[in-house]
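All chains are named by letter (A, B, ...) in the order of the sequence lines, taking the proteins before the strands, and each is independently numbered beginning at 1. Every value quoted in this text rests on a predicted model; they were computed, and no experiment measured them.
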Number of protein chains: 4
Amino acid sequence: MPIDFQQDRPIYQQLMDRLSNEIVRGDRMPGDKLPSVREYAVDTGVNPNTVSRVYRELEQLTIVESRRGQGTFVTEDQKRLNQLREELKERQIDRFITEMKQLGFSENEMIQGLQAKAKGEGN
Amino acid sequence: MPIDFQQDRPIYQQLMDRLSNEIVRGDRMPGDKLPSVREYAVDTGVNPNTVSRVYRELEQLTIVESRRGQGTFVTEDQKRLNQLREELKERQIDRFITEMKQLGFSENEMIQGLQAKAKGEGN
Amino acid sequence: MPIDFQQDRPIYQQLMDRLSNEIVRGDRMPGDKLPSVREYAVDTGVNPNTVSRVYRELEQLTIVESRRGQGTFVTEDQKRLNQLREELKERQIDRFITEMKQLGFSENEMIQGLQAKAKGEGN
Amino acid sequence: MPIDFQQDRPIYQQLMDRLSNEIVRGDRMPGDKLPSVREYAVDTGVNPNTVSRVYRELEQLTIVESRRGQGTFVTEDQKRLNQLREELKERQIDRFITEMKQLGFSENEMIQGLQAKAKGEGN
DNA sequence: GTGGTCTAGACCACA
DNA sequence: GTGGTCTAGACCACT
């Protein structure tokens, strides 16, 4: 499934987000093998160098682990994944609050807007 | 007041956001004159060309209006400003929901997280 | 009646066009007195310097004539006005043809488009 | 082929017009790669920054699409191109009619003048 | 004094 | 190699 990327952010970042989301969400479980660089590149319609960079940076975040000759695997450190999930959550919340305040919205308006929207999407 | 910019986003975008936030928030009212290009450049510690680009792009968004030889002014179209405020709000909310869902959080978790955080900051 | 000017062209040009159109069209007849600089400036909501420039440039085109202490008058040289009208017509037609050809339209398409539009406006 | 630009309009606008004409006319097809910024700069005898601006503004009009590290391409959205062609046609026609009316010419005079001229040029 | 355009030259991230 | 951003500095037209 070739992905359509946003034009305003680097592809490698979008791929990183995509993968770490899948991992944090549990779609890819600890110990799971990621597709090979070449395979994933074909899959997503992206240059292999780009995928390579994605894997490399995910490894630096200790989210995945590359094993010589075997491939790249989701870390088995469940604690790390939980921690990461919290981190990402906090980051989103902080940003949301900051930006909404800068627009002049109050806490109540944020929550109301959120509820209106989330319900509208039938969640 | 020279600004310290983030390194991961173009300066001109950060300045655009800053100004449109000030406008949408009502700190700069319809018809108000913005600082001159040169003045704002000194203010923010940025090259005049960069400020020029900021003003030009804000004008394309019909948020401000440049008048030859007189300066740059906040649009007097209050409707447009209200619309803009809604747009920016929607955009933030949509992004927040999307990202949180991708992390696997439910609507309730979003709102709870939000309330916990916002209160913690004493809003 | 204050005029709303386009932002993309100098005001003095737009005023020149307006006046020379009125003259060429016969709304202002040969020998007619134009409003004083100050008066016309107030009328149109424009800086007197700008009106002054307009009159000066119209004089260079021998369309108007300024008489010391009396004011500015439409030229009484009717031939000149006829000639001017033809010139402006030719200029418009040439430009129209050139631009439409550059867009890849044929002569027939031009005329059809023109008829469709002109009729639609009930002329 | 270095271009000789008019002095009364910004270079970047003239380049925009030139390119969008070529695209609308079909000389550059959907998906075609435009010359690189540097290449086109040399081609036209203009500073690369100026070409850059041209491409950026064409992108905002969704006529072209810049892909990081790959180049700038004509949009593949044929609908958009058809729409654009119509838009540009309408714009020319409207302007022509407006200006000719302001000069006091009737619809018939416009069409006659047009036919006389267009035939004279052997179209 | 105001915005607008353009050049020259540099650096960076991306693919 | 590609586009994107930024700076420095200059010139111009408009008001």
Side-chain angles (χ1 to χ4, degrees), chain A residues 5 7-15 41 44-54 57, chain B residues 5-16 33-41 44-59 64-73, chain C residues 5 7-16 41 44-54 57, chain D residues 5 7-16 33-41 44-59 64-73:
Chain A
F5 295 98
Q7 343 97 324
D8 60 323
R9 290 175 58 220
I11 291 181
Y12 83 94
Q13 274 186 17
Q14 299 184 49
L15 273 185
T44 53
V46 156
N47 189 301
N49 290 328
T50 305
V51 174
S52 195
R53 175 168 183 183
V54 170
E57 304 221 1
Chain B
F5 295 100
Q6 301 166 321
Q7 346 132 330
D8 62 324
R9 293 174 58 221
I11 293 178
Y12 80 92
Q13 275 186 18
Q14 299 182 48
L15 281 182
M16 280 180 69
K33 185 176 179 308
L34 296 186
S36 82
V37 168
R38 291 153 173 84
E39 191 182 341
Y40 201 52
T44 55
V46 156
N47 186 287
N49 282 324
T50 304
V51 175
S52 195
R53 176 167 184 186
V54 170
Y55 283 7
R56 192 193 322 140
E57 304 223 351
L58 287 177
E59 186 167 24
V64 306
E65 204 185 312
S66 290
R67 299 188 201 133
R68 43 182 85 265
Q70 300 185 240
T72 303
F73 301 81
Chain C
F5 296 98
Q7 343 98 322
D8 62 323
R9 290 175 58 220
I11 291 179
Y12 82 93
Q13 274 186 18
Q14 298 183 49
L15 273 185
M16 279 182 66
T44 53
V46 156
N47 190 301
N49 290 327
T50 305
V51 174
S52 194
R53 173 167 185 184
V54 170
E57 306 222 358
Chain D
F5 295 100
Q7 347 132 329
D8 62 324
R9 292 173 59 220
I11 293 179
Y12 80 92
Q13 274 186 18
Q14 298 182 49
L15 281 182
M16 281 179 69
K33 185 178 180 308
L34 297 186
S36 81
V37 168
R38 291 152 174 85
E39 191 183 340
Y40 201 52
T44 55
V46 155
N47 187 288
N49 282 324
T50 304
V51 175
S52 196
R53 176 167 185 186
V54 170
Y55 283 7
R56 193 193 322 141
E57 304 223 351
L58 288 176
E59 185 168 23
V64 306
E65 204 185 311
S66 290
R67 299 187 201 134
R68 43 182 84 266
Q70 300 185 241
T72 304
F73 301 82

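- In this structure, the side chains of Val64(D) and Phe73(D) stay at 4.5 Å or more apart for every pair of heavy atoms.
- In this structure, CD of Gln13(C) is placed 11 Å from C1' of dC14(F), rounded to the nearest angstrom.
- When the C1' atom of dC14(F) is taken as reference, atom CG of Asp8(C) falls 14 Å away, rounded to whole Å.
- Mapping heavy-atom proximity under 4.0 Å, the span of DNA chain E touched by chain B runs 5' to 3' from dG1(E) to dC6(E).
- Of the residues near DNA chain E, Glu39(B) and Arg9(D), the one whose nearest nucleotide (by heavy atom distance) lies more toward the 5' end is Glu39(B).
- Val46(D) comes within 4.0 angstrom of sugar-phosphate atoms only, judged by non-hydrogen atoms across all strands, and of no base.
- Shown here are the side-chain contact (heavy atoms from CB on, under 4.5 Å) partners of Asn47(C), two or more places apart in sequence or in another chain: Asn49(C), Thr50(C).
- The 5' end of DNA chain F is approached more closely, in terms of each residue's nearest nucleotide, by Tyr12(B) than by the other of Gln70(B) and Tyr12(B).
- Listed by chain and residue number, Gln6(C), Asp17(C) satisfy the side-chain hydrogen bond (donor to acceptor under 3.5 Å, both in side chains) test with Arg9(C) (two or more places apart in sequence, or in another chain).
- Secondary-structure annotation of DNA chain F gives the stems E:1-14 with F:1-14, with a stem taken as at least 3 successive Watson-Crick or G-U pairs whose two distances both fall under 3.5 Å.
- Closest non-hydrogen pair, Pro35(D) versus Tyr55(D), comes out as O-OH, 2.7 Å.
- The side-chain hydrogen bond (donor to acceptor under 3.5 Å, both in side chains) test applied to Arg56(D) returns no partner, not counting sequence neighbours.
- Both Gly71(D) and Asn49(D) lie close to DNA chain F; mapped to their nearest nucleotides by heavy-atom distance, the more 5′-ward contact belongs to Gly71(D).
- With sequence neighbours excluded, the residues satisfying side-chain contact (heavy atoms from CB on, under 4.5 Å) with Phe5(D) are Ile3(D), Ile11(D), Gln14(D), Leu15(D), Val46(D).
- The CZ-C1' distance, from Arg68(B) to dC14(F), rounds to 7 Å in whole Å.
- Along DNA chain E, the nucleotide nearest Thr50(A) and the nucleotide nearest Arg53(D) are compared for position; the residue whose nucleotide lies closer to the 5' end is Arg53(D).
- For Tyr12(C), the side-chain hydrogen bond (donor to acceptor under 3.5 Å, both in side chains) criterion is met by Arg53(C), not counting sequence neighbours.
- Considering only residues two or more places apart in sequence or on other chains, Arg38(D) meets the side-chain contact (heavy atoms from CB on, under 4.5 Å) condition with Ser36(D).
- Atom OG1 in Thr72(D) sits 9.5 Å away from atom CZ in Arg67(D) (nearest 0.5 Å).
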